[in-house]
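What follows is a set of notes on a single structure, which appears directly below.
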Amino acid sequence: MSRAEKVCLSLVSYCKTLGNLNQIHAFVYKSGLETNPLIAGKLVILGALQISDAIDYARRLLIHNPNPDVFMYNTLIRGESQSDSPKNSVNSFIYMLRQSYSPPDSFSFAFVLKAAANLRCLTTGFQLHCQAMTRGLDTHLFVGTTMISMYAECGFVEFAWKVFVQIPQPNVVAWNAILTAYFRGSDVSGADTVFGLMPFRNLTTWNVMLAGYTKAGELERAEGLFLKMPSRDDVSWSTMIVGFSHNGCFDEALRVFRELVGSGSKPNEVSLTGALSACAQAGAFKFGMVLHAFIEKVGLVWITSVNNALLDTYSKCGNVLMARLVFERMLGKKTIVSWTSMIAGFAMQGYGEEVIKYFHEMEESGTRPDGVTFISVLYACSHAGLVEQGHELFSKMTETYDIEPTIEHYGCMVDLYGRAGQLRKAYNFVVQMPVPPNAVIWRTLLGACSFFGDIEMAEQVNKRLPELDPDNCGDHVLLSNIYAFAGKWKDVAMVRRSMAEKNMKKIPGWSMIEIDKVMYSFVAGDKRNEITEEAYNKLSEIMLKLKVKGGYIPEVGSVLHDIEEEEKEDTVSKHSEKLAVAFGMARLCKGSTIRIVKNLRVCKDCHSFMKLISKVYGLEIVVRDRSRLGKGYCIKFLTDLQVTAVNVPSIRIEELNDNVLCNRRSGPGTIKTKVERPSIVMNPPLHLVLSRLLVTGYIFFFVSRIAAFEPRVFWKQPFYLHEVVVLSAKKGHSGNPLLSAVAAVTHRRAMFHC
DNA sequence: ATAGGGTTAG
């Protein structure tokens, strides 16, 4: 090998950017090595696979090479198949066929078939299949396997099977591919048959089964397999966590996550995003924070998907401040998902102006919004009453960005006009939409009619609704509410009778609350048991206090029927969110933020009830309910106190005292149930210092440090950030000025703790 | 010097 060749090869290993590649290319050219197959091949690898945004350069390298070999073609085809435009991969393959001196080999087919799979383009796939046949490569093990997954992606399981049976000696990978194909085609029993037929299985086989079952919603069968499979790896665990989370079984997902940690394996970015997604959907804020601390500790913060999941968890739990912190400190590249999650976080809380601001920042940063982004943006406009801006953004979406509006976008627009009281405009919009309106659209309009008491239009809308979704009792409830508000009891009775005739049942409303990282759920008019008893008792105590001190009068407008006022009051007083709040107030430390997630909408009475508790008890309450779009919707009740204090829930003064002083952890292995509590009021400066630290992200640094000391404690016990600060003060980090500062401030607390 | 099957956020 010549000296110049050696220099080139060593330069290649340091090449990181397109600029570097340009320089190396210049050197290669000057040294007369641009036709050297080894060197030229290396340059193409760099451009096609190792440097982002250099794929076009790689393609030019190949085109200008007088004698590209098969390897170069394959590298380019491979790079293009996994790029944003896999179509190029097919084009390069065609180009290769035309230069007949270097015919495609099994590698070329494997790569280009992958592109066809990514494109979900059956015609392309089929032509490639024919090309492979003419070269006798269609029964090649690797080509065949990729072809199976190509047909599966395109939705043609029977073709996949035909390819499979032609492979002379299918190995375990080919078997796994055909197994996956049956699951992709939602043919679970077909997959079961294949699984039974398989002459050999490996770990991936079992993982395919797990993923297939969870995607089909067969969680019990999945868990059965999970328990009996011969061994488990990261993917098995992640699959179970994600599977539970996607199917709405959040506590199960978090249970599996705990088991994963308990089993001694380390969570990876996939199991973490799965667990975070469960936290986000369930509103498990504290657990989310623990996961955040862990992520900081093990150094996974650079991974975009992890950051996006964290961001989403915080915003769905009603803490936009933390969401923004994660967003602004993101190490990896901000993707469209990051921007959209951030925007959705603001949108859920009704910060219309922030949404618009971030949207513009996103555009300036060069990130192109997609359809999902616009749903959040339009949603924000409708909730913040920004009719004009919403209208402008809708046209921007179609005109500037050329995004085809989906029914969800139209729904936002109907809501935008509806909420602004422009009912006629909303109605006309629905009638002239290019897509046929669905039940959600009419329901949105019906909701607006209900809000503005427009009986006439409500009746008009109601003519269209039952034919689209006859079994939705919510619509009947809405209509009957409109009549009830107007005092038209005969009409109310009529609606109720028709509901009874059709044997409609209301979806039971539930609310969940997280206490010590355990989720408790309550159902309206729940059966009495130990937990609900506690909630009911606290609730009647609260009711009394609110009536006396806050002048609480139950708002019973949303109760359907014409019954005695007292009875109505009884009905609304049993709503699950009230039980959850009461339970939270009974169980949580005094002054903690109360976070509740509800599956249905919160009624008017519960809304004002929460506001009143917040005022009378000086509590921050975050309620998330299911909004029309099926996303989280936060109502945040803040008293004056919390507005002036920095809005970071985990470091509220009261909570800090309670937790530090009732600390169950006075030494390794020993558990004290009760500790004498001297009553200390923390002085405001400490409170401010701590909140600033949390806002600037330093607290997590402490968490990481302390978790490294006591990982066992970290997972087994409920863990709060301020405890960490106290613990870290105890350990005495004298080297770090920042830690010393906190240690100095928290020292007094630490002493009590010992 | 290149391959094929399983888990990832809005």
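Just so it is clear: chains get the letters A, B, ... in the order the sequence lines come, proteins before strands, and each one is counted from 1.
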Which residues pass the side-chain contact (heavy atoms from CB on, under 4.5 Å) test with A:Asn67, sequence neighbours left out?
A:Asn65, A:Tyr101
Residue pairs, two or more places apart or on separate chains, that pass salt bridge (charged side-chain N to carboxylate O under 4.0 Å, His left out) and touch residues 272-282 of chain A:
none
Is A:Lys215 near enough to B:dG6 that one of its side-chain N or O atoms lies under 4.0 angstrom from OP1 or OP2?
no
Give a yes or no on whether a donor-acceptor pair under 3.5 Å exists between the nucleobase atoms of B:dT8, that is its base, and the side chain of A:Ser305.
yes
Neighbours of DNA chain B within residues 38-51 of chain A, by heavy-atom distance under 4.0 Å
none
So what does A:Leu179 touch, heavy atoms closer than 4.0 Å: a base, only the sugar-phosphate, or nothing?
nothing
Could you identify which residues of residues 230-246 of chain A place a heavy atom less than 4.0 Å from some atom of DNA chain B, listed by residue number, or say none?
A:Asp233, A:Val235, A:Ser238, A:Thr239, A:Val242, A:His246
With the side chain defined as heavy atoms from C-beta on, A:Asn176 is closest, among B:dG6, B:dA3, B:dG5, to B:dG5
Sequence-distant partners of A:Gln131, side chain to side chain donor-acceptor pair (under 3.5 Å), two or more places apart
A:Arg135
Without decimals, in angstroms, what is the distance between A:Leu300 CG and B:dT8 C1'?
12 Å
A:Leu219 CG to B:dT7 P, straight-line distance once rounded to whole Å:
16 Å
Looking across every strand, which nucleic acid part, if any, lies under 4.0 Å from A:Thr75 by heavy atom: base, sugar-phosphate, or nothing?
nothing
When you get a sec, tell me which of B:dG10, B:dA3, B:dG5 is the closest nucleotide to the side chain of A:Val172?
B:dG5
Checking all strands, does A:Ser106 fall into the base, sugar-phosphate, or nothing category for heavy-atom contacts under 4.0 angstrom?
base
Whether A:Lys334 engages the ring of A:Phe327 as a cation-pi pair (distance to the six-membered ring centre under 6.0 angstrom, angle to the ring normal within 45°) should be assessed.
yes
For A:Phe111, what residues pass the ring pair (Phe, Tyr, Trp, His ring centres under 6.0 Å) criterion, not counting sequence neighbours?
none
Sequence-distant partners of A:Asn91, side-chain contact (heavy atoms from CB on, under 4.5 Å), two or more places apart
A:Lys87, A:Asn88, A:Ile94
Report which part of the nucleic acid A:Arg184 touches: base, sugar-phosphate, or nothing (heavy-atom distance under 4.0 Å, all strands).
sugar-phosphate
A:Asp105 CG to B:dA1 C1', straight-line distance once rounded to whole Å
13 Å
Closest to the A:Thr340 side chain, choosing from B:dA9, B:dG10, B:dG4
B:dG10
From B:dA9, B:dT2, B:dT7, pick the nucleotide closest to the side chain of A:Arg78?
B:dT2
Partners passing ring pair (Phe, Tyr, Trp, His ring centres under 6.0 Å) against A:Phe142 (at least two apart in sequence or in another chain)
none
Round to the nearest Å and state the distance from A:Leu225 atom CG to B:dG6 atom P.
17 Å
With under 30° as parallel and over 60° as perpendicular, where do the rings of A:Tyr358 and A:Phe346 fit, or are they tilted in between?
tilted
Looking for any heavy atom pair under 4.0 Å, which part of the strands does A:Asp312 touch: base, sugar-phosphate only, or nothing?
sugar-phosphate
Looking at every strand, decide which applies to A:Val270 at a 4.0 Å heavy-atom threshold: base, sugar-phosphate, or nothing.
base
Using a heavy-atom cut-off of under 4.0 Å over every strand shown, decide if A:Thr373 touches base, sugar-phosphate, or nothing.
base
Whole angstroms only, please: what is the CD1-C1' distance between A:Ile178 and B:dG5?
11 Å
Residues from residues 150-169 of chain A lying under 4.0 Å of DNA chain B - heavy atoms
none
Using a 4.0 Å heavy-atom cut-off across all strands, classify A:Asn202 as base, sugar-phosphate, or nothing.
base
Is there a donor-acceptor contact under 3.5 Å linking the side chains of A:Asp233 and A:Asn207?
yes
Taking the side chain of A:Glu269 as its heavy atoms from C-beta onward, which of B:dT8, B:dA1, B:dG4 lies nearest to it?
B:dT8
Winner on side-chain proximity to A:His140, out of B:dA9, B:dA3, B:dG5, is B:dA3
Considering only B:dA3, B:dA1, B:dG10, which nucleotide approaches the side chain of A:Asp370 most closely?
B:dG10
Please set out all donor-acceptor pairs under 3.5 angstrom arising from side-chain atoms of residues 190-201 of chain A, sequence neighbours excluded.
unit_1   : atom_1 : unit_2   : atom_2 : d
A:Asp192 : OD1    : A:Tyr213 : OH     : 2.5
A:Asp192 : OD2    : A:Arg221 : NH2    : 3.1
A:Thr193 : OG1    : A:Ser189 : O      : 2.8
A:Arg201 : NH2    : A:Phe195 : O      : 2.8

Is it true that the side chains of A:Glu296 and A:His292 contain a donor and an acceptor less than 3.5 Å apart?
yes
Round to a whole Å and report the spacing from CG of A:Asp69 to P of B:dT2.
14 Å
Check every atom of B:dG10, B:dA3, B:dG5 against the side chain of A:Ser341 and return the nucleotide holding the closest atom.
B:dG10
In whole angstroms, how far is the P atom of B:dG4 from the CG atom of A:Leu113?
12 Å
Ignoring backbone atoms, establish whether A:Lys114 has a side-chain N or O less than 4.0 Å from OP1 or OP2 of B:dG5.
yes
I want to verify a distance call: between B:dA3, B:dG6, B:dG10, whose nearest atom is closest to the A:Phe107 side chain?
B:dA3
Of the options B:dG5, B:dT2, B:dA9, whose atoms approach the side-chain atoms of A:Thr180 most closely?
B:dG5
Can you tell me the distance, in whole Å, between the NE2 atom of A:His409 and the C1' atom of B:dG10?
12 Å
Salt bridge check: are A:Glu223 and A:Arg255 linked by an N-O gap of less than 4.0 Å?
yes
My understanding is that only residues two or more places apart in sequence, or in another chain, count here; which of them pass ring pair (Phe, Tyr, Trp, His ring centres under 6.0 Å) with A:His140?
none
My understanding is that only residues two or more places apart in sequence, or in another chain, count here; which of them pass ring pair (Phe, Tyr, Trp, His ring centres under 6.0 Å) with A:Tyr73?
none
Which part of the nucleic acid does A:Leu141 contact within heavy-atom distance under 4.0 Å: base, sugar-phosphate only, or nothing?
base
Look at all strands and tell whether A:Ser277 reaches a base, only sugar-phosphate, or nothing, counting heavy atoms closer than 4.0 Å.
nothing
